[in-house]
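Report on the structure given below.
First listed ligand is number 1; within each ligand, the first listed atom is number 1. What's counted below: heavy atoms across the whole structure, side chains too, no hydrogens, waters or symmetry copies. Just so you know, residue 1 is the first one in the sequence shown, and it goes up from there.
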Amino acid sequence: MNKELRKVVIAGNWKMNKTATETKALLAEMKEKLPESNATILLCVPAINIGTAMDAVAGTQINIGAQNCHWAKNGAFTAEISADMLNDFGVKYAIIGHSERRQYFGETDETVNKRAMACLEGGICPIICVGENLEEREKDITKDVIKVQIEKGLAGFTAENMKNSIIAYEPVWAIGTGKTATAQQAEEVCAYIRGLLAEMFGNETAQAVTIQYGGSMNAKNAAELLAMENIDGGLIGGASLKADDFATIVSCVK
Ligand code: 13P
């Protein structure tokens with residue numbers, strides 16, 4: 001399988017932004033401005049706004065996703081949300097292991113693995129985030145860091161689990177900083193990730209997996225990043241909060 005046959009997923013991560021009222025307004029603008037696309041369009045909104053967002057995009061090409069999912073089916077886990085709760089809204093995607101979760105909320109490769117497994121068991125596609133920080137890049141240990149995150153994050157996965165997941169490569173130093181990885185830097189790591197997946201699950205599976213780039217992707221740099229052989233979409237923060245910019249990014253998908 002080659003790039004042309006893989007599913008392109010353009011996903012927005014709204015992080016902790018927008019009230020329910022603002023969510024409705026921004027989605028109304030998105031509905032007007034987004035071009036028709038062969039890509040899967042996804043917006044991962046704060047959990048409290050998933051119902052509002054689902055109603056707002058009903059009947060359109062826009063999918064609504066979550067930013068997290070707990071590993072247990074239910075129970076005493078204050079403030080967490082379960083796959084069943086997401087399923088009840090028809091949510092099909094959840095971001096797992098975002099670097100902000102790892103940095104500020106104690107997420108580890110082990111909890112990432114448990115959360116991703118719970119998504120898969122619940123029929124939700126986990127978007128599993130990996131990426132090195134600035135110090136690791138400067139020490140030239142990016143690939144070692146990614147290898148550990150991939151191997152531990154995907155521990156126990158079958159090839160089928162892998163095909164039902166997405167990997168997002170998000171270098172931490174490029175998130176919200178305006179510093180994008182160059183298309184070559186992003187491609188190098190995404191290709192490395194695909195190589196790891198080939199070792200773990202076989203080449204056919206590795207070729208089928210959507211690998212996104214994330215980190216200051218915007219209306220100006222998206223076309224170059226999305227044209228790379230191993231970059232099958234984007235996970236977009238700031239630019240997904242602006243309908244015009246997000247529409248331009250979607251229009252870059254060939
Ligand atoms: P920015 O696009 O704002 O850099 O955020 C990227 C990100 O973290 C998406 O998950």
Taking NZ, NE, NH1 and NH2 as the nitrogens, is one of them in Arg194 or Asp232 under 4.0 Å from a carboxylate oxygen of the other?
yes
Going by ring-ring contact (aromatic ring centres under 6.0 Å, His included), name the residues that satisfy it together with Phe77, two or more places apart in sequence or in a different chain.
His70
For residues 197-251, which residue pairs pass the ring pair (Phe, Tyr, Trp, His ring centres under 6.0 Å) check, not counting sequence neighbours?
none
Which protein N or O atoms sit under 3.5 Å from any N or O of ligand 1? Give atom names and distances.
from, atom 1, to, atom 2, distance (Å)
ligand 1, 2 (O), Ser216, N, 3.4
ligand 1, 2 (O), Gly237, N, 2.9
ligand 1, 3 (O), Gly238, N, 2.9
ligand 1, 4 (O), Gly176, N, 2.6
ligand 1, 4 (O), Ser216, N, 2.7
ligand 1, 5 (O), Lys15, NZ, 3.3
ligand 1, 8 (O), Lys15, NZ, 2.9
ligand 1, 8 (O), His98, NE2, 2.7
ligand 1, 8 (O), Glu170, OE1, 3.4
ligand 1, 10 (O), Asn13, ND2, 3.0
ligand 1, 10 (O), His98, NE2, 2.9
ligand 1, 10 (O), Glu170, OE1, 3.2
ligand 1, 10 (O), Glu170, OE2, 2.9

Is it true that Arg137 and Glu132 make a salt bridge, defined as a side-chain N closer than 4.0 Å to a carboxylate O?
yes
Any pair with a residue in residues 245-254 that passes side-chain hydrogen bond (donor to acceptor under 3.5 Å, both in side chains), sequence neighbours left out, goes on the list, sorted by first then second residue, please.
none
Under-4.0 Å salt bridge between Arg101 and Glu107:
yes
